[in-house]
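Worth saying up front: this structure is predicted, and the values here are computed from it rather than measured. Both counts, for ligands and for their atoms, begin at 1 and track the order of listing.
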Amino acid sequence: MIIYLASQIIVFLTLSTICCLADLPCAYRQGDKPDRLVCVCNATYCDTIDRVPPPQDSYITYTSSKAGSRFLKGTGRIVDAVDDGNYDRVIQLYPDERYQTIHGFGGAATDAACIKWKSLPKGAQERFIESYFSKRGIEYTMIRVPVASSDFSTHPYHYNEYPENDKELTNFTYTKEDTEYKLPLIKGAMEVATDEISVVAAVWSPPMWMKVVDPGSTANRLKAEFYQTYANYHCEFVKLYEKAGVPIWGVSTSNEPINGAFMQTEFGPQDTIGWSVDQMKKWLKNNFGPTMRNCNGKKINILAMDDQRYLLPAWNVVIVGTDKEISKYVDGFAMHSYIDPYTPASIIDINMKNFPDKFVLGTEFSSKGSDSAVPLGDWGEGEVYAETILENLVSNYVGFIDWNLALDPDGGPNWAKNFVDAPIIINSTSGEFYKQPIFYVLGHFSKLIPRWSQRIKSVRQSPIHYTPDKKNIYDSTPPRKYIYDHVAFVTVRNTIVVVIANYDEAQNAAIMFGSKQVTVFLEANSIVSVEFPYSL
Ligand SMILES: *[C@@H]1O[C@H](CO)[C@@H](O)[C@H](O)[C@H]1NC(C)=O
Ligand SMILES: *[C@@H]1O[C@H](CO)[C@@H](O)[C@H](O)[C@H]1NC(C)=O
Ligand SMILES: *[C@@H]1O[C@H](CO)[C@@H](O)[C@H](O)[C@H]1NC(C)=O
């Protein structure tokens, strides 16, 4: 332990000579159990993280761990490869074998997140925005925004609820949620972001007058006479946000249509819209596609699905894959990761073979604790995220958008009482916010894998160590597999970045590329991002 600490001090001294700004460290506080830690931020203090460009012949590591490291920096020399079998884990890189190009990482500006953000004192609001979007934060470049309400709102509502049956949408205007909460947060993010923010919008439900609700059920669908009106509803939203200075990059074909199709859900008909296959095909081809291809004089990206990945075969086989006219309107598939432990990642590869010109983007994921929705400081929540993101990235996702940017300590507000965890938990009483382990795990990807980075082939040469009695976050789902433990990219900074998750005891890992080698120490239950120059 003493030796370990000494090496940390040396690392620190070396880094301070190659870098300029010292990171502000985490202000630790115990979470809801003794082995759980959060980092506390308030109006005057918040931890920061600067990226250090790796010097020639050297690598930089960033470590976050269950024990409490938060982007702890380390450095060392790149050496000639020695295959002496002394490593717990060996990862071989093949930088010439390339896969998807990254578009970005981000989170959702739900009403819940933005209302909680606005409840903070001004200074803390700024620290929050910097933490997520700035050069001294985790540099998010994507935001998802619900069009009107989602369940993470104080009540369900829609644009143009009145007058009813108004095909021309004559009363489509800003809500209080837009002007007071969502737009200010998104514009604040755009001001400090290190790259252009791509905003992705999704409708949970149009106004009730556009829909039929099945008697005795929450299943609902669009009325035939409002197909074009519902397409225009999206374009009106694009115009509304653009007028406020927030350009929209993409829109989806409606959030989680499976919830409104035949299921009895807690979201009711107010925050769902169901589609039959035939209806979706007609609407996409005749209304939504043509409208979004020329909305406000711009081409808006169209994301199909916006639902769980087990539904991809259905969209491939019966909706998009069968009709070239429909396919031309789809730029990519948006996936939610809630049911991932049930469905193999190979589902993505198999189905996307039909769509070489389309991308896969993760548009929603969240987790919750088994005892309470928000286990404060629980590293296990971070591990669920680490594995989910790694699995998505090796399945060629071009990005990953997390769900609520922030929530309250109960995991709300949510009008349907569907409480979950978030990377930042806001305490409106004390004017503080707590960065959960999830926040740091997300940052290990978002900060170090900038837009336009390209994934390269990376192969683990040694079997993964894993603890079979791993706690299972969702009691109802099968145990997570913990088989996805690394991913590697060539970045536009002409560096290689490898992100490694360690779900086990402390160990060391060797990263091999060409005739060179980087050796990194992996703390127990940790995530480590390693960056080094690509051209040596
Ligand atoms: C803000 O946090 C810092 C660091 O933890 C602390 O020293 C300071 O007292 C806090 N300020 C307030 C007003 O709580
Ligand atoms: C426009 O919408 C607002 C908010 O729902 C409503 O109060 C108002 O009556 C609507 N105007 C018309 C003409 O229906
Ligand atoms: C929120 O702050 C209040 C006031 O400082 C404190 O009593 C309460 O325990 C805090 N809540 C959490 C979840 O930390």
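Ring centers of Y132 and F439: under 6.0 Å apart, within the cut-off. Aromatic ring centroids of W403 and F152 lie under 6.0 Å apart.
Applying side-chain hydrogen bond (donor to acceptor under 3.5 Å, both in side chains) to R136 and the options D50, D47, D23, T194 leaves one that passes, D50. Between T229 and the options E168, K167, K223, a side-chain contact (heavy atoms from CB on, under 4.5 Å) holds for only K167.
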What do the steps show when you test E130 against R127 for salt bridge (charged side-chain N to carboxylate O under 4.0 Å, His left out), and what is the final call? CA-CA 5 Å; E130 285 162 11; R127 304 287 89 71; 3.3 Å; yes
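Proximity to Y162 (heavy-atom distance under 4.0 Å) selects the following atoms of ligand 2: 1 (C), 2 (O), 10 (C), 14 (O). Remark: ligand 1 atoms within the under-4.0 Å shell around heavy atoms of A27 are 5 (O). Annotation for ligand 2: atoms under 4.0 Å from non-hydrogen atoms of N171 are 1 (C), 2 (O), 3 (C), 8 (C), 10 (C), 11 (N), 12 (C), 14 (O). Distances below 4.0 Å separate heavy atoms of T44 from the following atoms of ligand 1: 1 (C), 11 (N). Short contacts between ligand 2 and P163, defined as distances under 4.0 Å to a heavy atom of the residue, involve ligand atoms 12 (C), 14 (O). Near N42, with a cut-off below 4.0 Å to any heavy atom, the atoms of ligand 1 are 1 (C), 2 (O), 3 (C), 8 (C), 10 (C), 11 (N), 12 (C), 14 (O).
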As a test of reading the model: which N/O atoms of the protein lie under 3.5 Å from N/O atoms of ligand 3, and at what distance?
{"residue": "ligand 3", "atom": "2 (O)", "partner": "N427", "partner atom": "OD1", "Å": "3.3"}
{"residue": "ligand 3", "atom": "2 (O)", "partner": "N427", "partner atom": "ND2", "Å": "2.4"}
{"residue": "ligand 3", "atom": "11 (N)", "partner": "N427", "partner atom": "ND2", "Å": "2.8"}
{"residue": "ligand 3", "atom": "14 (O)", "partner": "Y434", "partner atom": "OH", "Å": "3.3"}

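Counting only distance, with no hydrogens or angles, the side chain of K187 and the backbone of G245 share no donor-acceptor pair below 3.5 Å.
The side-chain heavy atoms of L222 and W275, taken from C-beta on, include a pair separated by under 4.5 Å.
Checking S153 against D111 by side-chain atom types alone, a donor-acceptor pair falls below 3.5 Å.
Residue Y45 places no N or O, backbone or side chain, under 3.5 Å from any N or O of ligand 1.
Note that CG of D307 is 6.0 Å distant from CD1 of I258, once rounded to the nearest 0.5 Å.
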